[in-house]
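Structure record follows, encoded as structure tokens.
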Protein chains: 2
Amino acid sequence: MAESGASGGAVSISEVAEQAGVSVATVSRVMNGQGVVKPATRDKVLAAVEALGYRMNHLARNLRTAESRMLLTMVPDVGNPFYAEIVRGIDSVARQQGYFVLLCDTGADPGRERSYFDLLRTRRADGAICLDPDTVQHALAEEMNGVPWVACCEFDPDVAVPYVGIDNRAAAADAVRHLIAQGHTRIALINTDARYLYARQREAGMRDALAEAGLTLPAAWHVTVDSLDFDAGAEAARQLISRDEAPTAIFAVSDTLAIGVIRGLREARLAVPRDVAVMGFDDIAMAAQIDPPLTTIAQPMRELGETAARLLLQRLAQPQLAVPGVLLPHRLVKRGTA
Amino acid sequence: MAESGASGGAVSISEVAEQAGVSVATVSRVMNGQGVVKPATRDKVLAAVEALGYRMNHLARNLRTAESRMLLTMVPDVGNPFYAEIVRGIDSVARQQGYFVLLCDTGADPGRERSYFDLLRTRRADGAICLDPDTVQHALAEEMNGVPWVACCEFDPDVAVPYVGIDNRAAAADAVRHLIAQGHTRIALINTDARYLYARQREAGMRDALAEAGLTLPAAWHVTVDSLDFDAGAEAARQLISRDEAPTAIFAVSDTLAIGVIRGLREARLAVPRDVAVMGFDDIAMAAQIDPPLTTIAQPMRELGETAARLLLQRLAQPQLAVPGVLLPHRLVKRGTA
DNA sequence: ACGCAATATGTAATCGATTACATTGACTGG
DNA sequence: CCAGTCAATGTAATCGATTACATATTGCGT
């Protein structure tokens, strides 16, 4: 019953054809279920396939059909749980459509990103989803002209590329408004570097909310980190509480940073939220686990990924069709830190 | 200076040859730096490449050379930070050797795993690294015969496949010995289902340490969860503390579980480590962030990934050579929870 | 200036599939 | 019984590279 002779594994369509006593065309038709073949012939072919343990060589097929059925996904950091969940979304719709996902960690490095993008031009991937900073996208936009890709989370409105994301500015404003509603007036911001669209937009949103309440963001309460990991958050917290006039609330642009902030505060014997309130962004799974649980803005991560994949697939199907950008809703999740 | 005409992007080697006034063989030689070509000719070709914006079609090349330069990596859960770090290790050595990594989330599902493995037989990947449960590996071992793959973390000694991992039994024993050294005698275990090699080995290691101290593991203190996420840990903790005689220490086979346990305990108003000590396993980044920081066993995640990739590459280079299994050292990390 | 070796380049087969077109055979109606 | 249809299958070109082998060019010694 099981395959037998397939020792090396290199069984080709012509060997199947020979074994079945038909032509390669017929085998191909059977394999793809296209064209008409007599049931008896089909059975002969199937029997030969089984007997030889034949598996189609997709390289050959892809060469002929000029597609690889691979989707490239570029993320700045696979270790960040925020991206992991988006990737899941991408993967689920891709697989459903018969595509595989090639996941690449670019480290937000344009050089690496370029080398990955090359997979598209060398036909090893059919399309790409890019989650890298919009500034990186912008830098590469010219060379990426003509290859099918979509932007996810980060996008450059000046680049005519389909995108999906959230309204970061409004979301950040919501976050800060919540802090203000709790009576805070001395609110600090921990932001990533301005290469990221979200960093700029969230800062703008914060300033919107601050302005509404007649508040401002002094430079002393504005710290910029160059990584999203826990330690960066802890270090930023340390800086903030050493200021002459320390803030009573901290808005961090990512949950990982916020969690680091809480540790930093704890190490300085400051209680959250009693001494300092903390607000994160993303709502990664970990946010609910820590003590106290993190108040944050939830992004629809899974949907972001799914939508990005759908946009890309649509693009591949109808290259000429202009695909619009889409913004998904966010949600304020009130928990224990603010 | 920049590429010009490359509108569609489908420039082939023959067009370059024509533009440069040479044959395709010469272009190929220039592209691959093989064989000898006169510098003047090389320049002509390079100029043509530049002018046309030529990018080699790797599908064609791979068909001819019968390799895809892709490495398949199968993990049960990309969202688990433990795997994320291993993947980083794999990626770094793969890229260094000119390979791309195709990362796949199997959900530990044999069906999905099989479909991914198919990428190998259909020549879309040259080799695979499998992190799925050893039982899943075992089930597929027969069909995977002949395809080059290696096992990482999970492996089946009965399957003649190269592997890399740690000595889970010894590591778990170390963990439990530490608990015992702290004076604990009522120690509970939260384990995953026995499909995983590490689950069985760590339980054995725990029993070793217990036996050394003349202790046992009553069924009431042994809970099995079917997922590694935070909630599973919290739920398990809830169960344990509701027992007639509650344990004073809990050993969870993964940090994510342990972090969930701590939340569960906190929600039940139990203090860690005063009321209950907690010990995790893996030492993911998050372990140091929570309050109190998690005592755990550190696995060399990055090295695990790097070693797995090296093993695979070695296997691809010399298929006949028998590659040994390798075990990497673990380390007890004493922090605040035990 | 000649012949021979070494160097440089071209020709064409090949990898394993898909697919337009050609061919074969069976069946139909008149 | 024949022409015409339609269904089933085969033939061969094709995708875009690599590469063994053939051929052309060059340089060198004498």
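Quick note on labels: first sequence line is chain A, next is B, and so on, each numbered from 1. This structure is a prediction, so every number in the text was calculated from the model and none was measured.
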Legend entry - Nucleic acid footprint by protein, nucleotides 16-25 of chain D - heavy-atom cut-off 4.0 Å, B for base, S for sugar-phosphate alone: BBBB------
So, does [X] use its side chain to make a donor-acceptor pair with the main chain of [Y] at under 3.5 Å?
| X | Y | value |
| --- | --- | --- |
| R123(A) | A60(B) | no |
| D91(A) | V87(A) | no |
| R112(B) | D105(B) | yes |

Inset, instruction - For Y99(A), check ring pair (Phe, Tyr, Trp, His ring centres under 6.0 Å) against everything at least two apart and list the hits. - result: none
Inset, instruction - Check whether more than 12 heavy atoms from other residues, nucleotides or ligands sit under 6.0 Å from atom CD of E18(B), and answer yes or no. - result: no
Inset, instruction - Give a yes or no on this: more than 12 heavy atoms of other residues, nucleotides or ligands lie within 6.0 Å of atom CD of E15(A). - result: yes
Legend entry - Basic-acidic side-chain contact under 4.0 Å: R195(A), D132(A): no
Inset, instruction - Pick out which of Y163(B), F155(B), F117(B) makes a ring-ring contact (aromatic ring centres under 6.0 Å, His included) with W149(B). - result: F117(B)
Inset, instruction - Enter the inter-axis angle for the ends of the helix from dA1(C)-dT30(D) to dG30(C)-dC1(D) (five pairs per end, rounded to 10°). - result: 50°
Legend entry - Length of the line joining E67(B):CD and dT14(C):P, which is rounded to integer Å: 21 Å
Residues 300-318 of chain A, side-chain donor-acceptor partners within the protein, below 3.5 Å, at least two apart:
unit_1  : atom_1 : unit_2  : atom_2 : d
T307(A) : OG1    : E303(A) : O      : 2.6

Inset, instruction - Mind checking V36(A) for me? I need base, sugar-phosphate or nothing, with any heavy atom below 4.0 Å counting as a touch. - result: base
Legend entry - Residue pairs involving residues 76-95 of chain A (criterion ring-ring contact (aromatic ring centres under 6.0 Å, His included); sequence neighbours excluded): none
Output one line per pair: protein atom, nucleotide atom from nucleotides 25-27 of chain C, and distance, for all N/O pairs under 3.5 Å.
none

